[in-house]
Amino acid sequence: MPEALDLSIFVKRQDDGTAHLDLAIEGIDCAACIDEIEGGLCRLDGILDARLNYTTHRLAVQWQDGTVTPSAVVQELQRLGYRAHPYQSRLVEEEETRRSQWLLKCLAVAGFASMNIMLLAVSVWSGNVTDITPETRDFFHWLAAFIAMPAVAYAGQPFFRSAIGALKAKRTNMDVPITIGILLALIMSVVETINHAEHTYFDSVVMLLFFLLCGRYLDQAMRRRTRAVAGNLAALKAEVAHRLDDNGEAVLVPTAALNPGDRVLIRPGERIAVDGIVIAGSSELDESLVTGETIRRSAASGDAVYAGSMNYDGTLTLQVTAAGKGTLLDEVERLLETAAAAKSRYVQLADKVARGYAPVVHLTAALTAIIWIAFGASVHDAIITAVAVLIITCPCALALAVPVVQVVASGALFRSNVFLNSGDALERLASTDTIVFDKTGTLTLPEMRVVNAGAIRPDLLEAAAKLALSSHHPLAAAVAQESKEHRPYEEATEVTGQGVKAVVHGVELRLGSPAFCGAVDLAAAIANKDADVSLIAFACGHERTLLLVRQALRPDAVASVKALQDLGVDCRILSGDRPEAVAPIAAALGIRDWRGAAKPADKIAAIEALKVQGRKVLMVGDGLNDAPALASADVSMSPITAADITQAQADAVFLGDRLSPVLDALTIARRARALMRQNLMIALVYNLIAVPLAFMGYVTPLIAALAMSGSSSLVTLNALRARSMKAKALSETSMPTNATSAVPALQGA
Amino acid sequence: MEVLIYLVPTALLLGLSGLAAFLWSLKNGQYDDVEGAALRMLRDDDITK
């Protein structure tokens, strides 16, 4: 579309007369793209700087204000072959970036301190068994103390803050024993240094901090990456609308620039981007993204329409209403609130372990001190042994056990086109035993497809598809997808409300309603059989043929559902569509439990009923009507085509036409949970061996250092096994996926 | 062992300068686009100019 998009609301103007625009870029796949984009833009007059961030796929453009319009930048990118979407940085994301930079600084300080202290500590250890003088040893201990104290004060902040926060809320978390352990060990070491003792634990303290910060940083990096992807997706999905000026002129603007009260023009074949009230015109609307209903609704002056609906044949003028003012949205929002409130807060695996772990550790340390004193040892020795127990049990491996697996597994999920919205979704996905699917847009593809393409002569189909390219009708778009070369006939004309026609090599081609093509008799024979199918007639000279268009199943839906059932997962369908439309889908997929005509409240009730039975429910849905159900389920996924509110509720979003990401997500999450448990076991076994040694007083700083780094490395290496998860998940599904391609495209039956 | 008086502070100073360099590079935004940096060094636009 050569029409210029008015992006001025996204431009940031600076004091020095330059303008700045952030864009999310689609279509970056290789290193050459950097040159192409930056070089191409810099050739435009007035552009001062264009810098592409290859990691986040974002472009920052700067130009002399007034020389270039933002839409010219977007068009130049389009010409170069990239789609650009204005991107507004969101507060959450900036917050995550700041936090991860802070953690990186702490990590650097802890790393510096632990290397230097280790240098001193190793000298002392080797000196202790050879000929170090007490003076030199004291000198080294003091040096270590002066490095360790500021380093701990700075790098320990993430743990201290979190521990204080937890204690204020009268809870404990993993950071409470960490903080206590670190501070006690540090204080004891300083006291020992003053007393000219042989052993200090400065090296253990800073090494512990270093390992813990590694885990914390990895955790944060994963969350940040998820946020960045979510931010890009939001930008890619941002839609545009034609706003009518005061003098009636239509300007293309992003929906973010629309205000309540604005008038918006909706043309045939466009998706409605805002909620509003029809003030002029009448049309048929496909509200399947909103309600799941596939039958079209007619809209006339005074009716409320919702964002996400597809406008069919008429032109509408809307008055924009404030978001959430529509009656349907109100209901959805009310249900969302109650569902979110009722959802019991999921306790993460690591927190669960921490709750049990902290009291046990502190009790053991206290017992150690008491028993040593009871057996006649000095208070000094008793306290030193107790602190050694605390250090050795400090949950170093425990704190690494979960985040490392999470990072590696979420990388595997990224490669499977699944993006996690929340950090603990992985664990909740793993425990899923029941999946509730929405039908429209989830099991089926969001857009229409020609279902009898295989039964039509290829040359006729190609001609019909090429003709369809000239039409704006949504059904024609389905036909146009069948075209191999995307070149429309030049002389095609559209007859509004009826179809398109063109004369090619003296033969008249017509595509449109059966009446328009003279195929009413053919249509009558089919129309009664299946209410769900839309008919398009095609006439080529005297030949008449009918194209059946409907929302087809995702290409691998049958195989994926089968594979899920083989995993022992109970699959169900809960749809807002009519039961007659749901039944054939359920039959094709081999799903016995299904329900149609479910309103948002019914969906919540059904999911609550499943939860009462003790099932862990994964809800997969895309419609606005699914949003409350997604919120009330234990864990939820939605395709990228889903309505905005729905996507915001989903724990994970998947891309593409296939349903296999749902299967991949489940397999990967299950393997990840298994690895997390293994890791926690490793950490536990390590403690079972180390604690008795510490209790008996055999743990010197050297042994503590070895044990700590040994168990941490073991846990990290074990977690890296999750990298092969994608390969596993693929090979498990590869057989069924190959099988699907053999199944004809006409599965939508 | 008197040599330690010079060597240990020197070692510390070296470590500190490494830390300072890292913090500077972090503040300078050198870790904002790690994947891009790996590819940008392969560009040969400086030759054509």
Side-chain angles (χ1 to χ4, degrees), chain A residues 28-39 42 51-60 97-98 100-120 123 127 131-133 135-137 139-140 142-144 146-147 150-151 154-155 217 221 224-225 228, chain B:
Chain A
I28 296 176
D29 44 18
C30 65
C33 298
I34 302 179
D35 264 343
E36 250 176 68
I37 291 175
E38 291 180 354
C42 285
R51 179 89 186 173
L52 179 76
N53 186 324
Y54 191 80
T55 316
T56 53
H57 291 192
R58 282 183 200 150
L59 177 73
T97 310
R98 212 169 305 131
S100 83
Q101 288 219 339
W102 179 53
L103 283 174
L104 203 56
K105 278 186 205 162
C106 293
L107 185 66
V109 170
F112 157 78
S114 68
M115 275 189 287
N116 282 285
I117 293 178
M118 196 50 82
L119 191 83
L120 299 166
S123 316
D131 59 348
I132 196 169
T133 59
E135 292 75 29
T136 315
R137 189 169 61 210
F139 174 56
F140 278 11
W142 276 113
L143 266 177
F146 280 120
I147 300 170
Y154 183 80
Y217 177 72
R224 185 179 157 205
R225 193 169 165 198
Chain B
M1 280 296 166
E2 285 75 35
V3 71
L4 284 177
I5 308 280
Y6 311 107
L7 283 183
V8 171
T10 311
L12 273 181
L13 215 66
L14 280 175
L16 271 176
S17 56
L19 179 66
F22 175 78
L23 292 180
W24 169 80
S25 65
L26 183 68
K27 202 176 169 194
N28 205 19
Q30 301 199 11
Y31 296 91
D32 290 351
D33 182 16
V34 270
E35 284 174 44
L39 297 167
R40 270 172 207 277
M41 69 172 188
L42 300 174
R43 283 165 61 156
D44 46 10
D45 53 351
D46 47 341
I47 298 170
T48 50
K49 262 175 202 169

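Letters A, B, ... are given to chains in the order of the sequence lines, protein chains preceding strands, and every chain is numbered from 1. Fair warning: this is a prediction, and the values are worked out from it, not measured in the lab. Only this structure's heavy atoms are used, side chains among them; waters, hydrogens and symmetry mates stay out.
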Chemist: Can you check whether B:Val34 reaches A:Tyr54 side chain to side chain, under 4.5 Å on heavy atoms?
Modeler: no
Chemist: Do you know which of A:Thr133, A:Leu104, A:Thr97 has the most heavy-atom pairs with chain B at a distance under 4.5 angstrom?
Modeler: A:Leu104
Chemist: Sequence neighbours left out, cut at 3.5 Å: what donor-acceptor pairs do the side chains of residues 111-120 of chain A make with other protein atoms?
Modeler:
unit_1   : atom_1 : unit_2   : atom_2 : d
A:Ser114 : OG     : A:Ala110 : O      : 3.2
A:Ser114 : OG     : A:Gly111 : O      : 3.1
A:Asn116 : ND2    : A:Phe112 : O      : 2.9

Chemist: When heavy-atom pairs shorter than 4.5 Å are enumerated against chain A, which of B:Ala38, B:Ala37, B:Gly36 gives the highest number?
Modeler: B:Gly36
Chemist: Need one label for A:Ile147: side chain, backbone, both or neither, based on atoms under 4.5 Å from any heavy atom in chain B.
Modeler: side chain
Chemist: For A:Arg137, enumerate each residue passing the salt bridge (charged side-chain N to carboxylate O under 4.0 Å, His left out) test, keeping only those at least two apart in sequence or located in another chain.
Modeler: none
Chemist: Suppose the criterion is salt bridge (charged side-chain N to carboxylate O under 4.0 Å, His left out): which pairs have a residue in residues 31-40 of chain B, not counting sequence neighbours?
Modeler: A:Glu38-B:Arg40
Chemist: With a 4.5 Å heavy-atom cut-off (strictly below), which parts of residues 19-28 of chain B touch chain A? List them by number.
Modeler: B:Leu19, B:Phe22, B:Leu23, B:Leu26
